[in-house]
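Just so we're on the same page: letters track the sequence lines, and every chain starts at 1.
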Amino acid sequence: MSLAAYGHCLRGVVSRELLRFVHQRSRFVAALVRPLIWLFVFAAGFRMALGVAMTEPYQTYILYEVYIVPGLVGMIQLFNGMQSSLSMVYDREMGSMRVLLVSPFPRWYLLVCKLLAGTLVSIVQVYVFLVIAYLYGVKAPLMGYVLILPALVVTGFMVGALGMLLSSFVRQLENFAGIMNFVIFPMFFLSSALYPLWRIREGSYLVYQVAALNPFTYAVEMIRFAMYERFNGDATLIVVATTAVLLGLAILAYNPARGMMTRKAGAGAE
Amino acid sequence: MAPAFTPEGGKQTRRADDSTALDVRDLSFSYSGQPVLESVSFDLKAGEFAVLLGPNGAGKTTLFSLITRLYDHRQGEIRIGGLDLRRHSVEAHAQMGVVFQQPTLDMDLTVRQNLSYHGALHGMTPAEALRRASQQLTRLEMQGSLRLRVRHLSGGQRRRVEIARGLLHEPRLLLLDEPTVGLDIASRRALVEHVHRLCREQGVAVLWATHLIDEVYPDDRVIVLHRGRVCADGGVAELVSQTASASIGEAFDRLTEGEAR
C-alpha cells in the first residue's frame, strides 16, 4: 500500500464527515446555540454573583464571561465527540460502520481517520463560536486564536476516542441517552470549565478532588492557557496521555480478534 | 492508474489457488456457547454464481460477518482468492466487494460523493473513483445518476448504486446479503437479472444470500444453509433429484423441514 493511498483514504473519510456536517444544519445550529446560551444568559446573569478573582493565566481581574469561554470551547468539543460516537452507534446499526471496516486499510488507521474527521468538524464549530464571542466582547490576543489550534486537535482526539470507546459498549441507540447523563454532564460540571479549581475547593473538597482527577479539566486549562499565549505543560501532558490510553482502548475494542464486536453482533444477528 | 491494491503484489506462496475466489473450510462459530455455524465448508470458483439459500436465522449474516472480518473466526479457515483472511487481511479485503443487508449509502450525499468515499477507502484518487463509478453505473443502467442525491432514488436504484460501489475496486468476489429486502417484485427481478449478467460479463464470483426461492435461476449453484450447517450444495437439478422433489422450492422445503415458510 502506498503512502498516497493512505492519504486518499484520510481525505475520503474527512470529506465525507464534513459533507455530512454541512447537510445537517440543525446539528450545527444546536452545537452553537448550546454554548451561546451559556455565554449570553448564564454568564451574564451570574457575573454579579460569581466574579472571578485574578487567576492564571489571566493578568487582571476578569469578567465571568471571559473565564467561561475556554470551558465552553471544551464543551463544544465534548458534545461533538459524543455526537460522532452517537453517529458511530447509528452507523453500526445502519451498517455504514461496516462499509468503513471492510476497507482494506488497517483498522486502527480507519478509526484514527474517523477521529480526525470528527475533530476537524468540532474545530470548525469552535472557531465560529469564538468569532461570535469576539463580537460579543470576549477578546483574546489574536495569536491566542492560532495557538489554541493544537490544543483543540488534542482535545478533539481525547473526547472523540472516549466516545469511540463508549460506542463499542453501547448496544443500541436508545442507550445513548444514558451517556448524556453519565458522561457529558459529570465531565463538564465536575471540571474547571465553570469555576476555577481553587474556588470549587472553597465550596466542596470532594468535588474539588473529583474535578482535579477529571481529564476534561486539563483539556479546558490547556485551551485556556493557549488562548492567552501561555503553555500549560502539566495539562498538556495529562491530556496527551489520556488521549493515548483512550485511543489504544478504542482500537482494541474494535479489533476483530477481540470479543467486543462479536458480542454486539450477537444481540441482533441471526 | 492501477488499482491501489493489486493481488499480484502478493508473494507467490500466498496465491495458493488462483481459480478459487472464496474458500471456506470447516468454519464453526458460536455466540456465548450457542453454536451458530457448525463446520461450514464450501468454495466458489472464479466467476461462479452461487445462491446461499437459508431460512431466517440459518446463520447467513454471521457467515457474512466472518467472511468480511467484522470479527474473527476461531475455528476453520477462510481464503479469498487463495489468501488467508486473517494473515493477509489487507490483500484479501481488496479482493472483495460487499452489499450489506441494510442500506448503507449516505442519503444526503450524491451518488458521486458516495462512490468517491468508497473509492477513497480503497486508496483511489477522486478522478479514478469517478472514472470507475461512471463505468459501473453504465453497466447497471444507472448512467446520469451521479449528481443525484441518494434520497431521491428509488429503493431498486439505491441497491444498484450499492452494487456499483461493491464493484468499484474490481473485486474477484462480490458478497450480497439479502440484497432484495424491501424491494417490490419488479425491482427484485431486475436486480437478480443485473447481478447474474455482471457475473457473466465481468467474471466476478458472486455469493448471493437469500431466503427467497424465486431468486434462484435454473442454472445457479445453490448452497443450502440450515441451522448453521450446509445441508446441500449443488446445481438446481441436482438438488431437485436428490430430494426427489418436483421443484427447487419443494427441495428447499424438504431440506429445511418447511422452516422456510
Problem - Ser28(B) side chain to Glu38(B) side chain, donor-acceptor N/O pair below 3.5 angstrom - result: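 The answer is no; no qualifying pair exists.
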Problem - Residue pair Arg165(B) / Thr104(B), side-chain donor-acceptor N/O under 3.5 Å - result: yes
Handout entry: Which portion of Val13(A) sits near chain B, non-hydrogen atoms under 4.5 angstrom
Key =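 Looking at Val13(A), backbone and side chain both touch chain B.
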Completion exercise
Turns out that what part of Leu10(A) lies under 4.5 Å from chain B's heavy atoms comes down to neither
Problem - Among Gly12(A), Ser103(A), Pro106(A), residue most engaged with chain B (heavy-atom pairs, under 4.5 Å) - result: Ser103(A)
Handout entry: cation_pi(Arg34(A), Phe79(A)) dist<6.0 Å, angle<=45
Key =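 Yes, a cation-pi geometry holds between Arg34(A) and Phe79(A).
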Going by atom type alone, with no hydrogens or angles, which donor-acceptor pairs under 3.5 Å involve a side-chain atom of residues 108-115 of chain B and a protein atom two or more places apart or on another chain?
| residue | atom | partner | partner atom | Å |
| --- | --- | --- | --- | --- |
| Asp108(B) | OD1 | Arg151(B) | NE | 3.1 |
| Asp108(B) | OD1 | Arg151(B) | NH2 | 3.0 |
| Thr110(B) | OG1 | Gln113(B) | N | 3.1 |
| Thr110(B) | OG1 | Gln113(B) | OE1 | 3.4 |
| Gln113(B) | OE1 | Thr110(B) | N | 2.9 |
| Asn114(B) | OD1 | Asp106(B) | N | 2.9 |
| Asn114(B) | ND2 | Asp106(B) | O | 3.0 |
| Asn114(B) | ND2 | Thr110(B) | O | 3.2 |

